[in-house]
**Q** 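Let me begin by handing over the structure; questions about it come next.
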Amino acid sequence: MKSLLSRFQANRALLLTLVALLSIGFLAGAQDESATTASVDQPATPSVGEKSAEGLTILVVGAHPADVFDQCGGTMAHHVARGDRVYCAVMTTGVRVHDKVISDDMEHAVSVPEAEKLNAMMEERSKVKQAEVVKACGILGIRESDVFFLGADDAVLLVNEPMIRKIARLIRTLRPDILLTHLPNENGGYGSAHATTGQIVMYAKSFAGGVDPGDTNPPHKVTQVFFFGQGSAAERTHLSSSEGGFYNDVFVDITDMAEKKVACFDALESQGYNGPYARKRIETCDGAFGRQIGMAYAEGFISLYSTRHYYLPISPEDLKHSRMSNHEVIDKRSHRINVP
Ligand SMILES: [Zn+2]
């Protein structure tokens, strides 16, 4: 049991340990010129290697427009507030499964419009959703030029080489220390844009470690990958409860950012995440993670790599928690945000 605990604590301390280490890169771009100013293929300002003294560079890749907020909005807000560079990439337009007009209204229609009209409608709704993402990123302090829309159709997203090349190019250009994305095995690893996105990012991560003719950016190796825990390891918090499956070995206390996260959801109106859903979501997902780990609201992650240390890693949060009484822990995790 002790060895399990040590392993768990060591893994959980990973994020904080990494936080002490690396540096920052820079660029702006997007595939859809209507939303932002540059493209993944031809970055507008490829300032490779532009680094601050201790800042981290983080790239978050979500399958659908809401995923980056849903899975790690509070964590992104922490890093932005600390001065780290946080980039967001959205793989698909998300219009088919998460849009008020294209998915919901069509559900009860007698028939859907002809292809040409439907395509035009989807393009229009895609822009609405992009604008919502940009607005929500703004709430977290992420600038519009740091948001990338890959524009893939969310009908059938398969692992494909062009998209792998685009993400790899993004990695070589932005030079992230940390990648955040979906677990490639989510829900069995098939039939889901989440799992496919995770797989594409993993291929891209490997490819970015080498050269690509046409991309003048040098190879880049990512230091760590954190997979989103919400979709893959809901409420599992330690090795013995994972039963051979996945569990979150890193939790980030997002209590101080929970209201911002609700504001992000409120911005995602086309998705129906605004209003009551936003409030329910923060309590039932981030609140549930928090309850499990002794925090009010938390985001969970599954780290890809083992980590290197000279001493055994223990985070300040873990030390503080282990010295709290049971009632102090209950008080801490009972805290609720009060957003109208
Ligand atoms: Zn999603």
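Counting starts at 1 for both ligands and their atoms, in listed order.
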**Q** What protein N/O/S atoms are there under 2.8 Å from the Zn ion (ligand 1), waters excluded?
**A**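 Short answer, with waters excluded from the count: His64 ND1, Asp67 OD1, Asp67 OD2, His194 NE2.
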
**Q** Using the six-membered ring wherever Trp is involved, compare the ring planes of His194 and His64 and label them parallel, tilted or perpendicular (cut-offs 30° and 60°).
**A**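 Rings of His194 and His64: tilted, as their planes differ by 30° to 60°.
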
**Q** Regarding Arg281 and Asp70, does a basic nitrogen lie under 4.0 Å from an acidic carboxylate oxygen?
**A**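 Looking at Arg281 and Asp70, the cut-off is met.
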
**Q** Checking the side chain of Gln224 only, and the main-chain atoms of Tyr305 only, is there a donor and an acceptor separated by less than 3.5 Å?
**A** yes

**Q** May I ask you to decide if Pro340's main-chain N or O and Arg279's side chain share a donor-acceptor pair within less than 3.5 Å?
**A**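 Confirmed, Arg279 side chain pairs with Pro340 backbone.
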
**Q** Do Met91 and Val128 sit in the same hydrophobic cluster, where Ile, Leu, Val, Met, Phe, Trp and Tyr count as joined when their side-chain heavy atoms come under 4.5 Å apart?
**A**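 Shared cluster, no.
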
**Q** Out of the candidates Arg333, Arg336, Met257, Lys261, only one should pair with Tyr297 under the side-chain contact (heavy atoms from CB on, under 4.5 Å) rule; please name it.
**A** Arg336

